[in-house]
Protein chains: 2
Amino acid sequence: MNALKYAILGLINRNRITGYDLTKIFNDSVADFWSAKQSQIYPELKKLVDAKLVEYEIVIQGEVLEKKVYSITDKGKEELNNWLMQDEPLDNTIKDIFKLRVYFAENLPQAQLLAKFEKQRIKCINKLERYTSKLEEYQHCNITSEDFGDFILLKGAISREKAYIEWIKDCVKYINTK
Amino acid sequence: MNALKYAILGLINRNRITGYDLTKIFNDSVADFWSAKQSQIYPELKKLVDAKLVEYEIVIQGEVLEKKVYSITDKGKEELNNWLMQDEPLDNTIKDIFKLRVYFAENLPQAQLLAKFEKQRIKCINKLERYTSKLEEYQHCNITSEDFGDFILLKGAISREKAYIEWIKDCVKYINTK
DNA sequence: CAGCACATGTAATACGTTACATGATTAC
DNA sequence: GTAATCATGTAACGTATTACATGTGCTG
């Protein structure tokens, strides 16, 4: 399947870009639904070049620093579009270490369990706040704008986070009414 | 970190169990928030035995078939409890292949994009229905009951699935009103 | 007696993280 | 001139999936 390959291909398709900048994107804007480290990105770029899906131009930064600016080839565009249209079964496991812990923490003292949920709630609220403040930048987006993808994905993240917070509230309620 | 280690330890702590039955649990009841294949489970069980966190008794099934029934040791209980109390930063990437695709599918023909969302919506609704019908079994749970963990985790899955479906509706709306 | 579920393992490969390694450029 | 950022790569290790490999027990 190799999703990373297509994630990189998709990003290069948007704009000519270096490996370094790809790395930043995987840590920043795209990080909510995909991520990758440098040590995965550089080898994957090499594979993409070998497969002639992307090509690069060496650009001199300053006096001597060589950077490779990647761009997509026609073959790359074709393969990206094929992948975009593919359909897949839903992933039925979304690993969540907090959920794993509370699953086993059932017979913990009630106060400790509540404290655990409260800590998690705070974290989620902070995350939600970061998302909502980021959303303000996208207020006037529409489908043709370049940022439509970013916009709806941010919406998705907010929706998910809110649901998680509601779930935590529910859990606390269940624990308390016992 | 080795979450699998503690997932297995936690399950063995609940009940004496074989590797085979652990495998089933990771594919069934626990699958929504954690999973593992047989090929991870058996080696992990061996490590747990070596670390004296679990021990096993050989039980004869039928005439000759030997099965290993694992149970947790005191040392195992201690290590499990330590782990349960540990705190961790939120995982900021929840990989989602559908989201990755729609992120790049922005400049796809509108009809195809809508079809993609509709397909996903159907899948999510089916999943949600499986969850809700499963929930009926747990209607009268309370914190002391053995199934409290299963109950709240199922609640979490339902909450997440509903949010996802709402998000899809939102996206469709945004695409259409453009 | 056939087919499915029970039962336990290993091998090869793929995917992901942490750490190592090096050097240039820019902004203060 | 020094610290942060830009820039590219590799090595070692940890985690996860697919496939291989084998045999017993139970139900119809």
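Within every chain, numbering begins at 1; the chains are lettered A, B, ... in the order of the sequence lines, protein sequences first and strands thereafter. Only heavy atoms go into these numbers, but all of them, side chains included; no hydrogens, no water, no symmetry mates.
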Is a salt bridge present between D50(A) and K47(A), judged by a nitrogen-to-oxygen distance below 4.0 Å?
no
Can you name the atoms? Protein N/O to nucleotides 10-12 of chain D N/O, anything below 3.5 Å, with the distance.
| from | atom 1 | to | atom 2 | distance (Å) |
| --- | --- | --- | --- | --- |
| dT10(D) | OP1 | K46(A) | NZ | 3.4 |

May I ask you to check whether F117(B) and F98(B) place their ring centres under 6.0 Å from each other?
yes
Think Y20(A) has a side-chain N or O under 4.0 angstrom from the OP1 or OP2 of dT8(D)?
no
Rounding to 10 degrees, work out the angle separating the end axes of the helix from dC1(C)-dG28(D) to dC28(C)-dG1(D) (five pairs an end).
30°
Check: N13(B) side chain, L9(B) main-chain N or O, donor-acceptor pair, under 3.5 Å:
no
On a heavy-atom basis, the closest approach of E79(B) and Y6(B) is OE2-OH, 3.2 Å
For the rings on F151(B) and Y174(A), is their centre-to-centre separation under 6.0 Å?
yes
Min and max contacting nt of DNA chain C in 5' to 3' order, chain B heavy atoms within under 4.0 angstrom, are dA5(C) to dG16(C)
First locate atom CD1 of I97(A), then atom CE of M1(B), and finally report the distance between them rounded to the nearest 0.5 Å.
4.5 Å
Do any side-chain nitrogens or oxygens of K95(A) fall under 4.0 Å of OP1 or OP2 in dA16(D)?
yes
Before accepting this row, confirm whether a basic side-chain N of the pair R14(B)/D150(B) lies closer than 4.0 Å to the acidic partner's carboxylate O.
yes
Do K99(B) and W167(B) meet the cation-pi criteria used here (NZ or CZ under 6.0 Å from the six-membered ring centre, within 45° of the axis)?
yes
Taking everything shown except E88(B) itself, do over 12 heavy atoms lie less than 6.0 Å from its CD?
yes
Side-chain N or O of K37(B) versus OP1/OP2 of dT17(D): is the shortest distance under 4.0 Å?
no
Roughly, in whole Å, what's the span from CG in N2(A) to C1' in dT18(D)?
16 Å
Across the strands shown, which category fits K5(A) at heavy-atom distances under 4.0 angstrom: base, sugar-phosphate, nothing?
nothing
